[in-house]
Visitor: 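One structure coming up, written as structure tokens, with questions to follow.
Fair warning: this is a prediction, and the values are worked out from it, not measured in the lab.
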Amino acid sequence: VLARRAEEDAAAMGRMDKALRREAASVMNELVDAVAGGGPRLFLHQRLGRAWKTVERDQALLRRALVLSADHELDAATLAARAAASTRAPLAACALAAWSASTGPDCGGRITQAVEFVAEARRANDAHGVARRRLSQGLALPGFGHPFYPEGDPRARALIEAAGLSADLQDVVDAGEQLTGEAANFDLALALVGRHLDLPKDAPFALFAVGRTVGWLAHAMEQASSGSPLRARVRYVG
């Protein structure tokens, strides 16, 4: 969807803000259709919930996850979106650049790692044992700690507290926090919500990326409206 829109849509720079906002909404509409399939024109979280067969009362949790995903400073994916916008690329191309960057293991890939850890802990029915084994093998425990939040990731706290996790999922949080001394981060919170609501395996990353696309499009629109160049200098040392 994004690749097709990137080819078809007009360049973002030099256009009125109202036109850019309308185009951004259109991109989001098609993107959610690509993830959730067609259907009634409901709110985005309702469309995702309908596709994933979640009951109506649980869809508020999807909405919270989307909102908490929308923006998070200038990470690599957001920088990719702004870099694309600085070249006058269409909004869809800016979002596509950000999506590509987010698939790396040090960005959105951390969510996939957290999903796998939660699944392993539940299969073994021993979150503490699985966590200890991973740490004894010299492996990092995914989903704990964040360099920006030494006191704990507030996005994770907001999502986990709203979820009301079952005992086995809460054990995953408790085991990791006790053994690492670090609080659960947003990657783990998304993975836990995915398991709590019995969503498809790729749903936590989809939730993150759909919510984050709103922020990426906003960054792209701001970059396009400002018209300021985005430059980086490198110096060869050989």
Side-chain angles (χ1 to χ4, degrees), residues 1-52 59 62-104 106-111 148 155 158-159 186-187 190 202-232:
V1 165
L2 293 175
R4 174 180 55 77
R5 291 288 302 251
E7 183 178 6
E8 295 174 354
D9 292 350
M13 201 166 285
R15 295 168 59 196
M16 295 182 63
D17 287 345
K18 185 176 181 180
L20 288 176
R21 288 196 298 271
R22 186 177 293 117
E23 184 172 305
S26 174
V27 168
M28 287 302 305
N29 184 53
E30 284 202 60
L31 181 63
V32 172
D33 271 352
V35 173
R41 299 292 89 179
L42 306 171
F43 291 115
L44 303 189
H45 67 285
Q46 293 173 319
R47 289 159 65 180
L48 292 170
R50 182 175 178 272
W52 294 331
Q59 291 176 7
L62 300 181
R63 181 179 184 272
R64 180 175 289 232
L66 291 172
V67 171
L68 290 168
S69 298
D71 201 25
H72 192 239
E73 301 194 24
L74 197 64
D75 62 6
T78 305
L79 184 60
R82 295 194 75 111
S86 73
T87 70
R88 301 169 52 92
L91 293 181
C94 301
L96 181 59
W99 269 73
S100 298
S102 73
T103 61
D106 289 338
C107 195
R110 292 193 299 256
I111 299 172
F148 292 172
R155 302 168 301 163
L159 196 55
F186 194 50
D187 304 323
L190 288 167
D202 61 349
F205 177 79
L207 265 177
F208 162 80
V210 169
R212 196 53 162 266
T213 301
V214 176
W216 290 331
L217 290 169
H219 274 280
M221 286 189 287
E222 181 184 76
Q223 183 68 41
S225 298
S226 71
S228 58
L230 201 62
R231 294 282 186 270

Visitor: How long is the span from the CD atom in Glu222 to the NE2 atom in His219, to the nearest 0.5 Å?
Guide: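 Between atom CD of Glu222 and atom NE2 of His219 there are 7.0 Å.
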Visitor: Should Arg63 and Phe43 count as side-chain neighbours, where that means a heavy-atom distance under 4.5 Å?
Guide: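 Arg63 does not reach Phe43 side chain to side chain.
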Visitor: Compute the ring centroids of Phe186 and His72, then answer whether they are less than 6.0 Å apart.
Guide: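 Not under 6.0 Å, so no.
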Visitor: As a quick check of understanding, evaluate salt bridge (Lys or Arg N to Asp or Glu O under 4.0 Å) for Asp17 and Arg22, giving each step before the final call.
Guide: CA-CA 9 Å; Asp17 287 345; Arg22 186 177 293 117; over 6 Å; no
Visitor: Start with the C-alpha gap between Glu23 and Arg15, add the side-chain angles, then the distance that decides, and say whether side chain to side chain contact (heavy atoms under 4.5 Å, CB included) holds.
Guide: CA-CA 11 Å; Glu23 184 172 305; Arg15 295 168 59 196; 2.8 Å; yes
Visitor: Could you pull out the closest heavy-atom pair between Ala85 and Ala220, with the gap in Å?
Guide: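 Closest approach of Ala85 to Ala220: CB-O, 3.6 Å.
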Visitor: Indicate yes or no for a side-chain donor-acceptor contact from Arg41 to the backbone of Gly39 under 3.5 Å, with no hydrogens or angles considered.
Guide: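 Here the side-chain-to-backbone pair exists.
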Visitor: With rounding to the nearest 0.5 angstrom, report the CZ to SG distance, Arg88 to Cys94.
Guide: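 Here the interatomic distance stands at 12.0 Å.
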Visitor: Might you point out which heavy atoms bring Arg50 and Gln59 nearest each other, and give the distance in Å?
Guide: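 The answer is N-NE2, 4.0 Å.
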Visitor: So which heavy atom on Ala93 is nearest to which on Ala84, and how close?
Guide: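 Residues Ala93 and Ala84, closest heavy atoms: O-CB, 4.4 Å.
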Visitor: Decide yes or no for Leu91 and Asp9: does some side-chain heavy atom of the first lie under 4.5 Å from some side-chain heavy atom of the second?
Guide: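 Not in contact.
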Visitor: What are the two closest heavy atoms between Leu62 and Gly49, and how far apart are they?
Guide: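 The pair with the smallest heavy-atom distance is CD1-CA, 3.5 Å.
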Visitor: Any side-chain heavy atom of Ser228 within less than 4.5 Å of one from Gln223?
Guide: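 A side-chain contact under 4.5 Å exists here.
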Visitor: Just wondering, more than 12 heavy atoms not from Glu7 lying within 6.0 Å of its CD?
Guide: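 Count not over threshold, so no.
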Visitor: Taking side chain as C-beta onward, heavy atoms only, is Leu20 less than 4.5 Å from Leu217?
Guide: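 Answer no - side chains too far apart.
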Visitor: Look up atom CG in Leu159 and atom CZ in Arg64, then write down how far apart they are to the nearest 0.5 Å.
Guide: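 Between Leu159 CG and Arg64 CZ, I get 7.5 Å after rounding to 0.5 Å.
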Visitor: Are more than 12 heavy atoms from other residues, nucleotides or ligands located less than 6.0 Å from atom CZ of Arg4?
Guide: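 Counting neighbours around CZ of Arg4, more than 12 heavy atoms of other residues, nucleotides or ligands fall under 6.0 Å, so yes.
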Visitor: Is a salt bridge present between Asp75 and Arg212, judged by a nitrogen-to-oxygen distance below 4.0 Å?
Guide: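 A salt bridge is present here (some side-chain N lies under 4.0 Å from a carboxylate O).
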Visitor: Using side-chain heavy atoms (C-beta onward) and a distance below 4.5 Å, is Phe208 in contact with Asp187?
Guide: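 Result no, sub-4.5 Å side-chain heavy-atom pair not found.
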Visitor: Under 30°, 30 to 60°, or over 60°: which ring-plane class applies to Trp216 and Trp99, parallel, tilted or perpendicular?
Guide: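 The rings of Trp216 and Trp99 stand perpendicular, inter-plane angle above 60°.
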Visitor: Please name the pair of heavy atoms, one in Leu31 and one in Val1, separated by the smallest distance, quoted to 0.1 Å.
Guide: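 Scanning both residues completely, I find the closest heavy atoms to be N-CG1, 4.3 Å.
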Visitor: Working note: Leu190 + Leu68, criterion side chain to side chain contact (heavy atoms under 4.5 Å, CB included); need CA distance, chi angles, decisive distance, verdict.
Guide: CA-CA 10 Å; Leu190 288 167; Leu68 290 168; over 6 Å; no
Visitor: Do Ser26 and Arg5 have side chains that approach each other closer than 4.5 Å (heavy atoms only, starting at C-beta)?
Guide: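 Yes. Closest side-chain heavy atoms under 4.5 Å.
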Visitor: State, with a plain yes or no, whether a side-chain heavy atom of Arg47 is found less than 4.5 Å away from one of Asn29.
Guide: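 Contact flag for Arg47/Asn29 side chains = yes.
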Visitor: Under 4.5 Å between any side-chain heavy atoms of Thr213 and Met28, yes or no?
Guide: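 With C-beta onward as the side chain, the pair touches.
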Visitor: If you compare all heavy atoms of Val27 against all heavy atoms of Leu2, which two are closest, and at what distance to 0.1 Å?
Guide: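 Nearest pair, atom of Val27 first, then Leu2: CG1-CD2, 3.8 Å.
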